[in-house]
Amino acid sequence: MAAEDTASTRLGAGRQHLRPLKRRGLVLLRLTAIVLAVLLFCEFLIYYLVIFRCSWPAVKTPADAGGLGTPEPVLRAMFLADTHLLGAVRGHWLDKLRREWQMERAFQTALWLLQPEVVFILGDVFDEGKWSSSQAWADDVGRFWKIFRHPPHVQLRAVAGNHDIGFHYQMNTYKIKRFEKVFNPERLFSWKGINFVMVNSVALEGDGCDICSGAEAELLEISHRLNCSREEHRPQECGDRQRLPASAPILLQHFPLYRRNDANCSGEDAAPPDEKYTPFKERYDALSQEASRKLLWWLRPRLVLSGHTHSACEVLHGAGVLEVSVPSFSWRNRNNPSFIMGSVTPTEYALAKCYLPCEDTVLTTYCTAAGGLVLLTLGHAGLVASPFHFGWNMLRKFKTTPDTSLEPLSFSHSSFTMRPWSRTAIVKARRSTGIFLE
């Protein structure tokens, strides 16, 4: 009998010993589930939730206006700018990991949800292309294709920026050729009856250098071909070259056309107030006035898209030609990156902006989750009361507090004050008056 009692005592002690371990295991499981849920939300789901709200803008076609004939095909184009993939010199590994993961998830999510037909990157694809070695360049290019991988039916094109080949005093033929080796060197791209002209705006210095002269000669040739496509009766000087679609081109470049500053730019992703009124330096912040006039005169575009400023802006040039400055696609340059979605036909276009998740939102989510985990851990350790127990104790304390609102109140009139009488005072008063009530 004593042996049985001893065994049952040991069994009970063992069970009591296992209870804290089981409780700790459950707490650890809960904490792990919360961490995984926060990571899943901040690194995957948030991109789907934000980009899912974007949609392609509707563009008017002759069929919509009641016209006859075959409806014009609509091209869905996506425009990004200033991705600035970090290099070997200035790129900290953590900065690379964070910013490149953000761009990869944003781009891949946009491809899956929106399914564009062509993607244009408006310069400064890389951050250190202007000075990177051959090996560093190859590493950067490999990371680029991993981040911006796309199916074969989607075309990706890019124009050179000052960080890709350097400013005018830094660029050379070698840097331009290695950039064009990665991206198609075509300056004129036509698809679905729409002409896109992609300009190396860094080469529009206007000082007569070999690279600059070659770039201007190439643009003049493109201008000649576009003018021939607009003629109903093809002149002899147009030759036998393949005729381009008779559509005013869309001009794509890195530097914006000349403007004084960003004072007239508006919107939540425009330049900050302290930068809006800073004068733009020609050939550095924007093209020169001369180069801008040449482009508008030679090409006669219906729309201009540019990057470089990292902020949004819309400007009208000349005879109402709209220029849209596309903000940076990277958290490294903006808290609220975005890209432009364009529905384009040979005669019309419609643009819409699609915002990416704000970096502040993700950081706030992480900080809130970290604070909650700390409180839960401390509550389990008994160092602080758990939120549930704290709330329950406060509720009980509130219920057991006596209600003093029904206690007798004193009334005062002038200097006389009536107060509640005690039992002793009442008895004395009764005796003095001879009144005794049972």
(message) Under the ring pair (Phe, Tyr, Trp, His ring centres under 6.0 Å) definition, can you give me all pairs with a residue in residues 315-345, not counting sequence neighbours?
(response) none

(message) Are more than 12 heavy atoms, taken from residues, nucleotides or ligands other than Asn264, located less than 6.0 Å from that residue's CG atom?
(response) no

(request) Could you check if a side-chain atom of Thr309 sits within less than 4.5 angstrom of a side-chain atom of Asp285, using non-hydrogen atoms only? (result) no

(message) According to ring pair (Phe, Tyr, Trp, His ring centres under 6.0 Å), does anything in residues 247-276 pair up with another residue at least two apart or in another chain? List the pairs.
(response) His254-His308, Phe255-His308

(message) Restricting to disulfide bond (SG atoms under 2.5 Å apart), what partner residues turn up for Cys54, sequence neighbours left out?
(response) Cys354

(request) Go through the structure and list residues passing ring pair (Phe, Tyr, Trp, His ring centres under 6.0 Å) with Tyr277, not counting sequence neighbours. (result) none

(request) Taking all heavy atoms of Asn195 and all of Pro245, pick out the closest pair and write down the distance. (result) ND2-O, 3.0 Å

(request) Sequence neighbours left out, what passes salt bridge (Lys or Arg N to Asp or Glu O under 4.0 Å) with Asp139? Give chain and number order. (result) none

(request) Mind checking salt bridge (Lys or Arg N to Asp or Glu O under 4.0 Å) for Glu290 and listing every partner two or more places apart, or none if nothing turns up? (result) Lys294

(message) I need the full list of disulfide bond (SG atoms under 2.5 Å apart) pairs touching residues 253-284, with sequence neighbours left out, sorted by first then second residue.
(response) Cys265-Cys313

(message) Over 60° means perpendicular and under 30° means parallel, so tell me whether Phe120 and Phe196 are parallel, tilted or perpendicular.
(response) tilted

(message) For residues 123-180, which residue pairs pass the disulfide bond (SG atoms under 2.5 Å apart) check, not counting sequence neighbours?
(response) none

(message) Applying side-chain hydrogen bond (donor to acceptor under 3.5 Å, both in side chains), can you list everything that pairs with Asp207, at least two apart in sequence or on another chain?
(response) His168

(request) Consider only side-chain N and O atoms of Arg332 and Thr83, and report whether a donor and an acceptor are under 3.5 Å apart. (result) no

(request) Could I get the full list of side-chain hydrogen bond (donor to acceptor under 3.5 Å, both in side chains) partners for Ser330, not counting sequence neighbours? (result) none

(message) Counting neighbours of CZ on Phe167 that are heavy atoms of other residues, nucleotides or ligands and sit closer than 6.0 Å, is the number greater than 12?
(response) yes

(request) Answer yes or no: is there a side-chain heavy-atom contact under 4.5 Å between Leu351 and Val324? (result) yes

(request) Please assess Arg334 against Glu359 for the test salt bridge (charged side-chain N to carboxylate O under 4.0 Å, His left out), listing each intermediate value before the final yes or no. (result) CA-CA 8 Å; Arg334 296 198 60 80; Glu359 188 175 25; over 6 Å; no

(message) Counting C-beta onward and ignoring hydrogens, is there a side-chain heavy-atom pair between His163 and Glu128 closer than 4.5 Å?
(response) no

(message) Suppose the criterion is side chain to side chain donor-acceptor pair (under 3.5 Å): which pairs have a residue in residues 42-55, not counting sequence neighbours?
(response) Glu43-Arg98, Glu43-Trp101, Glu43-Tyr366

(message) Could you tell me if the side chain of Pro279 sits less than 4.5 Å from the side chain of Asn261, heavy atoms only?
(response) no

(message) With salt bridge (charged side-chain N to carboxylate O under 4.0 Å, His left out) as the rule and sequence neighbours excluded, what pairs involving residues 309-326 come up?
(response) none

(message) Looking at Arg187 and Glu218, is there a salt bridge between them, counting it only when a charged N and a carboxylate O are closer than 4.0 Å?
(response) yes

